[in-house]
Amino acid sequence: MGTSRREFLLMSSAAGLAASFGLAPYKVLAQDSGRIVLATAARAPVTLDPYRSASTTGDTWAIYHLYSSLVGPADGAFGLTPDDFLPLLAESYDTSADAMTWTYRLRHGVQFHKGYGELTAEDVLFTFGRILDPEIIVPDKVLFAVIDSVEAPDPYTVVFTLKQPDPLFNAIISKTTGVILSRKAYEEKGEAYNFDPIGTGPYQLESVSDTDGVVLVANPDYFGEKPATERLHITYVADTTARTLAFASGQVDMMEGVRAPGWVDTMLQRDPNTVFDTTEPGASVFLFLNLTRKPLDDLRIRQAFRYAINNEQIAAAYQGIATPMVGITAPPFPGAVHRETLPEELRYDYDPERARALVAEAGFPDGVTIPCYTSQREDYAAIMLMIQEQLRAANIHLDLSIIDHSTMHAQNAQDMNALTLYITSLPPVPTRAFVSHLVSASDVKPTGDGGVNYAHYGVAIPGVDDLIDKAMVEANFETQVALVEEAERRVLTDLPMLGIVTLSAILARNPRVDLGYDLHSGYAYWSLAKARRV
């Protein structure tokens, strides 16, 4: 079949844009059946060291394939319960009845990339020694605070002793937060390790550069199933237009999507055969109501917010990649509450007339105006503008400013906002949303050195500290979940923070690529080791 003039112009435009972003010519990539190309929404590689704090999305995709952890969930799924974690570098594991001691028995013969030798307990001790070292900054360091000690009674056994029970400890040490480093490689390479990493994952590094991105090649000594495709090429194309044109012309097989209303339709208009890979729940979207600002200190105003905001309508605008939230725990996660199981007064069915009456009852018959700001980033701005429009029907008017994304975060950290929209990805750990966002220890401070409890819940009014403290030391998973559900009901009573929607991570994929498994849930990256051209 010949190429139409429109197709030719599209490919030519894509080739020109792609060249400026370091992509190889169209024909080279399109004809290379031994390579899968992913375009990520980042500018350039920052580091391939999993324990550096500046990783971009492209780096995270590479890190996911370069390293392995002791255990992990099945491909395409989150580990939601203690039974959902499979042995990886560990051939088996067990835990004590009080969930305080976790023992992992390592596989024999697991090889690090490029001849760096067999993985042993010494490498695990080295990795977690760095993570726990108070002088070393690593991402999500707070997650590992539960670890009291790590010991190795022999070269193939590692024992973690915890400070308190944690039935979901495996979720902490799973990819990518708990991947194992080669002690020999890390100490030998020093700073060079940033772009010369050594892991045990299904792929090893072939090359890395600002112009070409990261090229990974199949690890010939991988302990698991060998990768289905020889090379995985991760390109860095921050510009959405360039990324889209490269995908539409066939230069790249997959592209990181845009979580904005209408984006899916736009892509389908270009090619109705486009496949979309999404993971639920993706990111959670929260709206904090600052309890120290009037009139948000009045429960009736906060109830008016909840009745006036139509979560289902906001989710529908995202065409299948968003899910309405009821509480603050993502719907698929343990501890989440569901509308049909709640008492009627906590369901908050969409009712703008009731919201309007509550505003009047609170002393504002002519309505109320609340100054606030949010980020200009597509996902923040779109959702906050929809909320602004919905609140108008309840006689609540937002004097909304849209500002630079980094400025927004800096000002939020100094407690400058009355209404804070916050979008974040959380693991399926029942207590995590509360520990991060709603306990008094996470209270935001004007000095900028506080947490992200932008509502001042537990400080301005009594909160859920008592319930979360109990849940955090509970060894029984079902009892822990029940305590979190009770905390959810208390939050729905007090309304310091509203769960709006979850936004799935999304990639557009050319149908010529088969992912190799069904993708359901997880973070904003997933395994491509089984993907192949078909």
Side-chain angles (χ1 to χ4, degrees), residues 1 6-7 10-11 14 18 23 26 29-42 57-58 60-62 64-65 74-78 202-203 213 216 227-237 240-283 315-323 332 378-379 425 502-534:
M1 181 181 294
R6 177 181 176 278
E7 290 169 333
L10 184 61
M11 286 190 289
L23 295 177
Y26 164 73
L29 297 183
Q31 294 174 4
D32 187 351
S33 61
R35 178 190 304 249
I36 288 176
V37 186
L38 164 65
T40 64
T57 54
T60 305
W61 277 97
Y64 191 86
H65 292 87
D75 284 339
F78 257 131
Y203 286 91
L216 306 178
T229 300
E230 179 67 13
R231 281 178 174 77
L232 179 60
H233 187 174
I234 300 165
T235 62
Y236 292 65
V237 189
T240 301
T241 301
R243 208 163 64 249
T244 303
L245 288 172
F247 176 79
S249 66
Q251 286 184 281
V252 302
D253 300 293
M254 308 171 74
M255 67 164 281
E256 190 172 347
V258 179
R259 292 188 295 199
W263 181 79
V264 170
D265 263 356
T266 299
M267 295 298 292
L268 289 173
Q269 287 169 13
R270 289 181 178 275
D271 186 350
N273 297 313
T274 300
V275 179
F276 295 97
D277 293 323
T278 62
T279 55
E280 297 220 14
Y318 284 87
Q319 303 164 287
I321 66 169
T323 301
E378 293 163 316
D379 45 359
S425 295
T502 61
L503 283 177
S504 296
I506 183 167
L507 286 187
R509 172 162 52 94
N510 190 307
R512 70 182 173 218
V513 173
D514 179 5
L515 194 59
Y517 60 90
D518 293 329
L519 183 66
H520 300 292
S521 61
Y523 293 108
Y525 41 84
W526 46 88
S527 176
L528 300 178
K530 295 179 181 177
R532 68 177 75 228
R533 293 281 186 93
V534 295

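Residue numbers start at 1 and run along the sequence shown.
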#### Entry: Pair Met254-Ile36, side chain to side chain contact (heavy atoms under 4.5 Å, CB included): steps then yes or no
CA-CA 8 Å; Met254 308 171 74; Ile36 288 176; 4.3 Å; yes

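- Residues Gly282 and Ser425 share a closest heavy-atom pair of O-OG, 3.7 Å.
- Taking Pro281 as the reference, Phe78, Ala330, Pro332, Phe333, Thr502 meet the side-chain contact (heavy atoms from CB on, under 4.5 Å) condition, with sequence neighbours excluded.
- Between Val258 and Ile506, the closest heavy-atom pair is N-CG2, 4.4 Å.
- Contacts classified as salt bridge (Lys or Arg N to Asp or Glu O under 4.0 Å) and involving residues 519-531 (residues at least two apart or in different chains) are given here: Asp75-Lys530.
- The side-chain contact (heavy atoms from CB on, under 4.5 Å) check on Asn273 picks up Asp271, Pro511, with sequence neighbours excluded.
- Under the rule for a ring pair (Phe, Tyr, Trp, His ring centres under 6.0 Å), the partners of Phe276 that lie at least two apart in sequence or sit in another chain are Trp263.
- To the nearest 0.5 angstrom, Arg231 atom CZ is 10.5 Å from Leu216 atom CG.
- Within 6.0 Å of CD in Gln319 there are more than 12 heavy atoms belonging to other residues, nucleotides or ligands.
- Side chain of Glu230 to backbone of Gly34: no donor-acceptor contact under 3.5 angstrom is found.
- Under the side-chain hydrogen bond (donor to acceptor under 3.5 Å, both in side chains) rule, Asp253 has a single partner from Arg512, Arg509, Arg35, which is Arg512.
- Here the CZ atom belonging to Phe247 is positioned 5.0 Å from the CE atom belonging to Met267, to the nearest 0.5 angstrom.
- Listed by chain and number, the residues in a side-chain contact (heavy atoms from CB on, under 4.5 Å) with Asp379 are Arg259, Arg377, Ile423, Leu503 (sequence neighbours excluded).
- When atom types are taken as modelled, the side chain of Thr235 and the backbone of Gly213 share no donor-acceptor pair closer than 3.5 angstrom.
- Of the inter-residue distances, the one linking Ile234 atom CD1 with His65 atom NE2 reads 7.0 Å to the nearest 0.5 angstrom.
- Atom CG of Leu519 sits about 10.0 Å away from atom CD of Glu280, to the nearest 0.5 Å.
- Legend: residues meeting salt bridge (charged side-chain N to carboxylate O under 4.0 Å, His left out) with Arg243, ordered by chain and number and at least two apart, are absent.
- If you take OG1 on Thr279 and NE2 on His520, they are separated by 12.0 Å, rounding to the nearest 0.5 Å.
- Side-chain N or O atoms of Ser527 include one that pairs as donor or acceptor with a backbone N or O of Ala529 at under 3.5 Å.
- Closest approach of Ala41 and Glu256 over heavy atoms only: N-OE1, 2.8 Å.
- Side-chain atoms of Trp61 and Leu507, non-hydrogen and from C-beta on, do get closer than 4.5 Å to each other.
- Here the closest heavy-atom approach between residue Trp526 and residue Ala505 is recorded as CZ3-CB, 4.2 Å.
- When all heavy atoms of Ala508 and Thr274 are compared, the pair lying nearest together is CB-CG2, 3.9 Å.
- Separating the OG1 atom in Thr229 from the CZ atom in Arg533 is a distance of 8.0 Å, to the nearest 0.5 Å.
- In this structure, Leu515 and Leu528 have side chains that are in contact, with non-hydrogen atoms separated by less than 4.5 Å.
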